[in-house]
Amino acid sequence: GSVWNIPEYTEYKMHYSNGQLLFSGDTEEMGIELYRSDGTAEGTVLLKNINETEIFPGRGNDSQPHSFTEVNNVIYFAANDGIGASYGDGLWKTDGTGSGTVMVKDIAPTWLTGNQFFLLFSGAGELWQSIGSEIGTAMVKDINPWGLSYPEDLITIGNMTYFTAEGIVDSRGTGRELWKTDGTTAGTVMVADLNPDGSTDFGEFIGNNGILYFTINDGDQLWRSDGTAAGTRMIIETYSVGNSDIGDFAVLNNVLYFRAMNGVTWDLWKSDGTTAGTVQVTQPAVDGFGLHPIDIMTCNERLFFLGGNSPWGVELHESDGTDAGTRGVQDIRVGVENSNVQHMTCAENKLFFSADNGRNGQELWVYTMDDCLAVGADLGIQVPCAEYNGNSYGFMLDFYRNPDDLSGYYWKLAEASLTTGTGSDCMPIATDLSMIMDCVSYNGTQYGFTLRFYSNPHASGLYWKMDMSTLEVK
């Protein structure tokens, strides 16, 4: 893939829809306002200056649009126009045009989510829904008639929305517990009282195949729920002695991925929803340090996250969900310093994010994914599918430093990585075992070359050498 930056805009929050990226950009004249981009510098423009007040002449005040949520092709968000009665964020919506960007209700919304029919959010201390107009925005249920329930952690799975709230059930205050709603008063009920003596300490939430996954006790335990009290149970503690620090959920191919502590290192884990099927994916590097992945997300059937990878600092990584298929994408801020990648947003085969390369400050970047094979920082090449003699294989090629030819480029088959190939576009392996690498991506540049089979006189195994006469830059 390739990575390049769009100058002049500091990204704050982003959302992709219908070929356009919406984000909060910061300029001296406007402050932090709503922009849209098609992925080019020329196509990155101000959508609307929502807060037209000024801090001082020449410096615009900030509306800080955030919490973008799409319902029925309408994008809702929270923003501050500087004049609302709440003196804070109002509920706004946009159809992608300046004239179609309007306030829905002055209510200071948080935790926006939605199903195929309406928007749900927390506002004024209770649960609300909206169909995009002020008259069509109303409270769903007074969950705590004795006070305010302060709904948080709203997440929609199918037509059911889960959240946490401090409710009143059977004339008893429950503390903060797990609730669900179908958008009706009668259909808004508590799922389970996990801590009858007080409030449950909830962490992160995600849905997968109709099941809600979440953490409690400061990320110490991974739980699941099918929306019933009986179907709400703990899956695992990855570190029974101390805090497991489970978090940063993402789902790839119906498998849950997350970060967790095993007592020694923080690494990438995965779960199929069972205790036995919850295992560690990545292994610590030779220096003993784990990747410590954060901000895990999926895009274009790949996992992306930020992780430490010596000799890099904390940089963007991608993974196919295996240890061998996990690599750094690019050392954006060359060396051990971090590039401060933030707010990753998926847009079909593009990943937008902000980063600081040490020269231009925090700017908007985009990583374009393609069909090139990925080369890791250690020069290893992950081959998802290669066909030989009617059979398909997937494997990892580890870079090999040949003592007889230190200037050459050699690779060795990592035999432990050999599996059945995945995908329909398999690379052919010739009868002489040569492989034509049509497109290989390394550090943001694409190359093509041919690997010739090499009979190593020093060691057993399968080896290949790059034919330098075939090397080309794409």
Side-chain angles (χ1 to χ4, degrees), residues 5-17 20-39 41-71 74-114 119 121-125 128 130 132 134 137 152 154 295 339-345 347 352-357 360-366:
N5 70 318
I6 301 173
E8 298 181 4
Y9 295 93
T10 299
E11 182 275 330
Y12 180 68
K13 296 288 182 183
M14 298 191 286
H15 178 82
Y16 179 79
S17 177
Q20 293 287 330
L21 180 77
L22 297 181
F23 67 98
S24 296
D26 187 6
T27 63
E28 186 69 22
E29 180 184 3
M30 298 293 182
I32 300 176
E33 291 296 341
L34 183 62
Y35 287 78
R36 70 180 182 194
S37 175
D38 61 3
E42 297 78 12
T44 303
V45 296
L46 177 71
L47 181 57
K48 188 176 182 101
N49 184 11
I50 294 173
N51 191 333
E52 296 181 339
T53 65
E54 291 185 326
I55 299 176
F56 50 80
R59 170 59 183 176
N61 223 326
D62 304 330
S63 70
Q64 293 191 342
H66 63 93
S67 301
F68 297 106
T69 302
E70 188 167 353
V71 179
V74 176
I75 300 169
Y76 295 88
F77 60 97
N80 184 351
D81 65 359
I83 57 175
S86 67
Y87 300 103
D89 290 340
L91 177 63
W92 287 69
K93 68 176 183 179
T94 182
D95 60 4
T97 67
S99 61
T101 302
V102 296
M103 180 186 286
V104 176
K105 188 175 182 65
D106 186 11
I107 193 174
T110 60
W111 299 103
L112 279 66
T113 186
L119 177 79
F121 63 93
S122 178
W128 289 67
S130 178
E134 184 168 11
T137 303
E152 297 178 356
L154 274 71
D295 294 343
S339 64
N340 195 31
V341 174
Q342 299 180 45
H343 310 304
M344 295 183 290
T345 301
F352 290 89
F353 56 94
S354 71
D356 182 356
N357 63 4
N360 305 109
Q362 198 77 12
E363 300 289 349
L364 182 62
W365 288 65
V366 58

Inset, instruction - Ignoring hydrogens and angles, tell me if any N or O in the side chain of Q64 forms a donor-acceptor pair with the backbone of N80 under 3.5 Å. - result: no

Legend entry - Where E33 and N61 come nearest, the two heavy atoms and their spacing: OE2-O, 3.3 Å

Inset, instruction - Identify the two heavy atoms, one from V104 and one from S130, that lie closest to each other, and give their separation to 0.1 Å. - result: CG1-OG, 3.8 Å

Inset, instruction - Using salt bridge (charged side-chain N to carboxylate O under 4.0 Å, His left out) as the criterion, list what pairs up with D295, not counting sequence neighbours. - result: none

Legend entry - Inter-residue atom distance M14.CE - S354.OG, 0.5 Å rounding: 6.0 Å

Inset, instruction - Inspect the surroundings of CD in E54 and state if more than 12 heavy atoms from other residues, nucleotides or ligands are less than 6.0 Å away. - result: yes

Inset, instruction - Say whether, by atom type as modelled, one donor and one acceptor occur between the side chain of T101 and the main chain of T94 under 3.5 angstrom. - result: no

Legend entry - Residues that S17 engages under side-chain contact (heavy atoms from CB on, under 4.5 Å), provided they are two or more places apart: H15, E70, I75

Inset, instruction - Might you point out which heavy atoms bring T110 and F121 nearest each other, and give the distance in Å? - result: O-CB, 3.6 Å

Legend entry - Donor-acceptor contact below 3.5 Å, side chain N51 vs main chain D62: yes

Legend entry - Approximate separation, where rounding is to 0.5 Å, of D81 CG and I50 CD1: 8.0 Å

Inset, instruction - Applying side-chain contact (heavy atoms from CB on, under 4.5 Å), name anything that partners Q20, two or more places apart in sequence or on another chain. - result: R36, D38

Inset, instruction - Classify the angle between the aromatic ring planes of W365 and F353 as parallel (below 30°), tilted (30 to 60°) or perpendicular (above 60°). - result: parallel

Legend entry - The single option from T27, L21, L22, L47 passing side-chain contact (heavy atoms from CB on, under 4.5 Å) against Y35: T27

Legend entry - Reported NE2-to-CG distance for the pair H343 and L364, which is rounded to 0.5 angstrom: 11.0 Å

Legend entry - Nearest-0.5 Å distance, OG of residue S99 to NZ of residue K48: 7.5 Å

Legend entry - Within-4.5 Å side-chain heavy-atom neighbours: L91 and L112: yes

Inset, instruction - Report yes if some heavy atom in the side chain of N357 is under 4.5 Å from a heavy atom in the side chain of E363; otherwise report no. - result: no

Legend entry - Heavy-atom pair with the smallest gap, counting every atom of L154 and S122: CD2-N, 4.3 Å

Inset, instruction - Calculate, to the nearest 0.5 Å, the distance between atoms CZ and CE belonging to F352 and M344 respectively. - result: 14.0 Å

Inset, instruction - Take L34 and W92 through the test side-chain contact (heavy atoms from CB on, under 4.5 Å) and record every step on the way to the result. - result: CA-CA 11 Å; L34 183 62; W92 287 69; over 6 Å; no

Inset, instruction - Ignoring hydrogens and angles, tell me if any N or O in the side chain of Q362 forms a donor-acceptor pair with the backbone of N340 under 3.5 Å. - result: yes

Inset, instruction - Using a 4.5 Å cut-off on heavy atoms from C-beta on, say whether the side chain of K93 contacts that of L119. - result: no

Inset, instruction - State the OG-CH2 distance between S67 and W111, to the nearest 0.5 angstrom. - result: 9.0 Å

Inset, instruction - Mind listing the closest non-hydrogen atom pair of V341 and A355 along with its distance? - result: CG2-CB, 4.0 Å

Inset, instruction - Identify the heavy atoms of T69 and G114 that sit nearest to each other, and give their distance. - result: CG2-N, 4.2 Å

